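A short write-up of the structure that comes next.
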Amino acid sequence: DAPLVRALERMAPSLQTFDMNASTYDAYRGSTMKAAISTWALTLQELRLDYCLADQQVLVSFLRQLHDLRTLEISHYGEPIRELIDALAGEQVFSMKQSEQACPRLQHVNFSQCARLTGGPLVRLVKSHFPVIRNIPVDPGATNQGMDVDKPTQPIPTAELYPIQTLIVN
């Protein structure tokens, strides 16, 4: 229904949570709904998809726009979701040009009742969200080249990745 989609588009500047189930997805899938969802990329923090059999390539493309997403729940997905999880882990998938890691602030993940879910992609996802730390000199005038090993260093994160705090699979 076009009025609902237009109403959802108007919520774009403030929408933080979106839950979609199969009946909603079947009724509103298509380019109009994709356009509405894309407008939420700047504010969306929680996305829950239950029984939504959206194309993984479309989902991956959308997830790469969600830099502030903290919670992702994809449940009862009937197809293997390895490529989707690999995209969340920063891997190149679907011959897409590799850019930055999808959903770098993701902290809570639920893949309940997803088909053929294996440990490898999940381990890569969790590991990819470990902050990368490098040591830099405490002295702001010092440089990395020729750094004196006796000078104190201070670890700092090199990327704004948030660690995965919750991972649910069953």
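Position 1 is the first residue of the sequence, and the numbers go up from there. Computed from a predicted structure; not experimentally measured.
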* To do: Could you give me the CA-CA distance, side-chain angles and deciding distance for Leu59 and Ile81, then say whether side-chain contact (heavy atoms from CB on, under 4.5 Å) is met?
  => CA-CA 10 Å; Leu59 278 175; Ile81 60 171; over 6 Å; no
I'd like to know whether His108 forms a side-chain hydrogen bond (donor to acceptor under 3.5 Å, both in side chains) with Thr166, so could you lay out the CA-CA distance, the side-chain angles of the two residues, the decisive distance to 0.1 Å, and finally the verdict.
CA-CA 5 Å; His108 309 282; Thr166 308; 2.9 Å; yes
Practice problem: Just do the side-chain contact (heavy atoms from CB on, under 4.5 Å) check on Leu66 and Leu72 with the steps written out, would you? | Solution: CA-CA 11 Å; Leu66 301 178; Leu72 175 64; over 6 Å; no
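By the criterion of side-chain heavy atoms lying less than 4.5 angstrom apart, applied directly or through intervening Ile, Leu, Val, Met, Phe, Trp or Tyr residues, Ile164 is grouped together with Phe130 in one hydrophobic cluster. Hydrophobic cluster membership is shared by Val109 and Val169, with clusters built from Ile, Leu, Val, Met, Phe, Trp and Tyr side chains linked at under 4.5 angstrom. Grouping the Ile, Leu, Val, Met, Phe, Trp and Tyr side chains by contacts below 4.5 angstrom, directly or via other members, places Leu69 with Val126. Leu167 is connected to Leu47 through a chain of hydrophobic side-chain contacts under 4.5 Å among Ile, Leu, Val, Met, Phe, Trp and Tyr, so both are in one cluster.
The structure places CD1 of Ile85 at 8.5 Å from CD of Gln56, a figure rounded to the nearest 0.5 Å. Between the CD atom of Gln45 and the CG atom of Leu106 there is a distance of 12.0 Å, given to the nearest 0.5 Å. To the nearest 0.5 Å, atom CG of residue Asp19 and atom CD of residue Glu46 are 8.0 Å apart.
Taking every heavy atom of both residues into account, Ser75 and Asp50 meet most closely at OG-OD1, 2.7 Å. Across all their heavy atoms, Asp86 and Arg124 have their closest contact at OD1-NH2, 3.0 Å. Taking every heavy atom of both residues into account, Leu42 and Asp68 meet most closely at O-OD2, 3.5 Å. Of all the heavy atoms in Thr17 and Arg48, the pair that sits closest is CG2-NH1, 3.5 Å.
Remark: the backbone N or O of Cys103 is not paired with any side-chain donor or acceptor of Arg105 at under 3.5 angstrom.
Residues satisfying the side chain to side chain contact (heavy atoms under 4.5 Å, CB included) test with Glu79, not counting sequence neighbours, are Tyr77.
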Counting only pairs under 3.5 Å, give me each side-chain donor-acceptor contact of residues 112-122, with atom names and distances, residues two or more places apart or in other chains.
| residue | atom | partner | partner atom | Å |
| --- | --- | --- | --- | --- |
| Ser112 | OG | Asn110 | OD1 | 2.5 |
| Ser112 | OG | Asn170 | OD1 | 3.2 |

